[in-house]
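A, B, ... follow the sequence lines: proteins, then strands. Residue 1 opens every chain.
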Protein chains: 2
Amino acid sequence: MHPQLLNNISNYIKLTPEEKSLFETFWTEKKLEKGDYLLRNGEVCRTDNFVIYGTLKAFYINPIKGKEEILYFAIDDWWATDMESFQKQSPSIYNIQAIEDTKLLQIHFNSFQEMLNRIPKLERFFRIILENYLGSLQRRIILNNVYNAEQRYFDFLETYPKIAEKVPQYLIASYLGVSPEFISRIRKK
Amino acid sequence: MHPQLLNNISNYIKLTPEEKSLFETFWTEKKLEKGDYLLRNGEVCRTDNFVIYGTLKAFYINPIKGKEEILYFAIDDWWATDMESFQKQSPSIYNIQAIEDTKLLQIHFNSFQEMLNRIPKLERFFRIILENYLGSLQRRIILNNVYNAEQRYFDFLETYPKIAEKVPQYLIASYLGVSPEFISRIRKK
DNA sequence: TAGGTTTATTGAACTAGATCAATTTTTTTG
DNA sequence: CAAAAAAATTGATCTAGTTCAATAAACCTA
């Protein structure tokens, strides 16, 4: 298995060599081509997905205007999973799609449960992941209320420089809840 | 100990009578009067707080305008904790304050860790709590982008009728990222 | 129950950002 | 490398929601 996920985990918890080998048995690699869907609105998110390389977008289809609204991007070392749908095994309200060729590590829901039973230390890791994500969502809600479009755009560039590099401007606009034209005008300055 | 938290937990996991008594030893009750702060921006959130009754607001002070921006409300059976600050024992970026007389169940960070070690089943409960909160934050980000102020206001009334009843309109406006005057105009119709 | 404080309403003027439509630039692909 | 497709820019017009200031209700509290 690609070592990237274990490297990532080792930032938070220490696993024994035995635990590491056991851990690896639960995961499989998967490649997505640009445009491939990992999850569609209405489906249950059956796997937890860790990005080795590539970029994905999670988006919600606005039922009123038919436009897509970006919920988040996932790049190397991030997760591309509807955690709510995965944990409850209930239908997802959004879509996840590769916006460039992407490689993932995947684990199915049942394997995930078994893995946690066999390696209870991992509970801690996954709680930390959830908490980090939660913190970033809270921060985002605050920024959305406090800052105007320009400030949010520059904050995005600072906070996620790698994403800004990879992802087209009009998707960043959608993530920020701003029209692409307005982002263009901000940049003109 | 007030049975409300154990009742709440029993919706998600089953504890033995022994586990329940052990559980109770970790928690203490605390009363807050209207206006009391539970947490101030810059402090570490040292306790996890479950609301037995009352209402609190979590808010961020907008450094530009000096205004407060509501992040969330907590009422009976909810948690009033900066989970990020609590789990990392790092300074919080926001404030939590009682907006009416409130009673809490509290557990300190170290006790929380010990409790999880002694009753590992609880890991599951707290993960579910995190996931639920996460789902509601995601939903909120989507709604903010997709719906206009009027739709968001009516969605709030539907989703959180009990909060809408208890909390003044201008705080709901802030939660929704809208001016209080505009909420008033929406209601006029 | 009056007086103070907090909350809500209303009107008028203003603006951040949206929308629409056309054009240009960049990227992709056969 | 040419043509097509995708992404970005620009200008003109429009509007959802803000701001400010004044007034009116509602609600504490002594």
Side-chain angles (χ1 to χ4, degrees), chain A residues 32-36 54-57 59 62-70 73 97-102 140-141 143-157 163-189, chain B residues 32-36 54-57 59 62 64-70 73 97-102 140-157 163-189:
Chain A
L32 292 178
E33 288 183 13
K34 180 175 176 171
D36 286 352
T55 313
L56 302 109
K57 63 180 177 186
F59 62 100
N62 180 332
I64 300 161
K65 307 188 177 172
K67 283 195 317 185
E68 62 179 56
E69 312 275 352
I70 300 292
F73 301 106
Q97 187 184 17
I99 59 180
E100 63 178 7
D101 291 358
T102 295
R140 187 165 163 202
I141 285 171
L143 291 185
N144 267 317
N145 277 355
V146 169
Y147 294 126
N148 67 20
E150 182 171 340
Q151 292 165 323
R152 263 145 53 210
Y153 178 64
F154 288 123
D155 177 80
F156 182 89
L157 296 185
I163 297 178
E165 216 169 69
K166 281 183 155 194
V167 165
Q169 231 181 92
Y170 74 98
L171 291 179
I172 295 174
S174 167
Y175 174 93
L176 295 173
V178 175
S179 72
E181 292 93 335
F182 198 68
I183 292 289
S184 170
R185 287 182 176 110
I186 288 168
R187 283 162 55 86
K188 207 171 128 189
K189 297 205 287 193
Chain B
L32 293 178
E33 288 183 13
K34 180 175 178 172
D36 286 352
T55 313
L56 303 110
K57 63 180 178 187
F59 61 100
N62 181 333
I64 300 163
K65 307 189 179 173
K67 282 195 317 183
E68 62 179 54
E69 311 277 350
I70 300 293
F73 301 106
Q97 186 185 18
I99 57 180
E100 63 177 9
D101 290 359
T102 294
R140 186 164 162 203
I141 286 171
I142 289 172
L143 291 186
N144 267 318
N145 277 354
V146 168
Y147 294 127
N148 66 21
E150 182 172 341
Q151 292 165 324
R152 264 145 52 210
Y153 178 64
F154 287 123
D155 178 80
F156 182 89
L157 295 185
I163 297 179
E165 216 169 70
K166 281 183 156 195
V167 165
Q169 233 181 91
Y170 75 95
L171 290 179
I172 295 174
S174 167
Y175 174 92
L176 295 173
V178 175
S179 70
E181 293 93 335
F182 198 67
I183 292 290
S184 171
R185 287 184 177 109
I186 288 167
R187 283 162 54 88
K188 206 171 128 190
K189 298 204 285 194

Let me see the working for A/L171 and A/E68 under side-chain contact (heavy atoms from CB on, under 4.5 Å), right down to the final yes or no. CA-CA 9 Å; A/L171 291 179; A/E68 62 179 56; 3.7 Å; yes

Which part of the nucleic acid, if any, lies within contact of A/F182, taking any heavy atom under 4.0 Å across all strands shown: a base, the sugar-phosphate backbone alone, or nothing? base

Apply side-chain contact (heavy atoms from CB on, under 4.5 Å) to the pair A/L56 and A/T102, showing each step before the final yes or no. CA-CA 8 Å; A/L56 302 109; A/T102 295; 3.8 Å; yes

Starting at the 5' end of DNA chain D and moving along, which residue's nearest nucleotide shows up first, B/A149 or B/K34?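 Checking each residue's closest nucleotide, the 5'-ward one belongs to B/A149.
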
Per nearest nucleotide of DNA chain D, the residue lying toward the 5' end, B/G177 or A/E181, is A/E181

From [atom1] of [X] over to [atom2] of [N], roughly how many Å is that when rounded to an integer?
| X | N | atom1 | atom2 | result |
| --- | --- | --- | --- | --- |
| A/E150 | C/dT15 | CD | C1' | 15 Å |
| A/N62 | C/dT19 | CG | C1' | 15 Å |
| B/E68 | C/dT6 | CD | P | 13 Å |
| B/R152 | D/dA16 | CZ | P | 13 Å |
| B/I172 | C/dT9 | CD1 | C1' | 16 Å |
| B/I99 | D/dC28 | CD1 | C1' | 16 Å |
| B/K67 | D/dC20 | NZ | P | 9 Å |
| A/I183 | D/dT10 | CD1 | C1' | 16 Å |

Is it true that a side-chain atom of A/D101 and a backbone atom of A/E33 form a donor plus acceptor pair closer than 3.5 Å?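 The answer is no, because no donor-acceptor pair under 3.5 Å joins these two groups.
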
Between B/Q97 and B/K57 (side chain of the first, backbone of the second, donor and acceptor by atom type, cut-off under 3.5 Å), is there such a pair? no

Of the nucleotides [options], which has the atom closest to the [X] side chain?
| X | options | value |
| --- | --- | --- |
| B/Y170 | C/dT7, D/dA7, D/dT19 | C/dT7 |
| A/R185 | D/dA12, D/dA8, D/dA21 | D/dA12 |
| A/K188 | C/dA18, D/dT18, D/dG11 | D/dG11 |

Starting from the 5' end of DNA chain C, give me the residue, B/S184 or A/Y147, whose nearest nucleotide shows up first. B/S184

Under 4.0 Å between a side-chain N/O of B/Q169 and OP1 or OP2 of C/dT9, yes or no?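 Indeed, a polar side-chain atom of B/Q169 lies that close.
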
Is there a side-chain contact between B/I70 and B/V167 in this structure, where contact means two heavy atoms from C-beta onward sitting under 4.5 Å apart? no

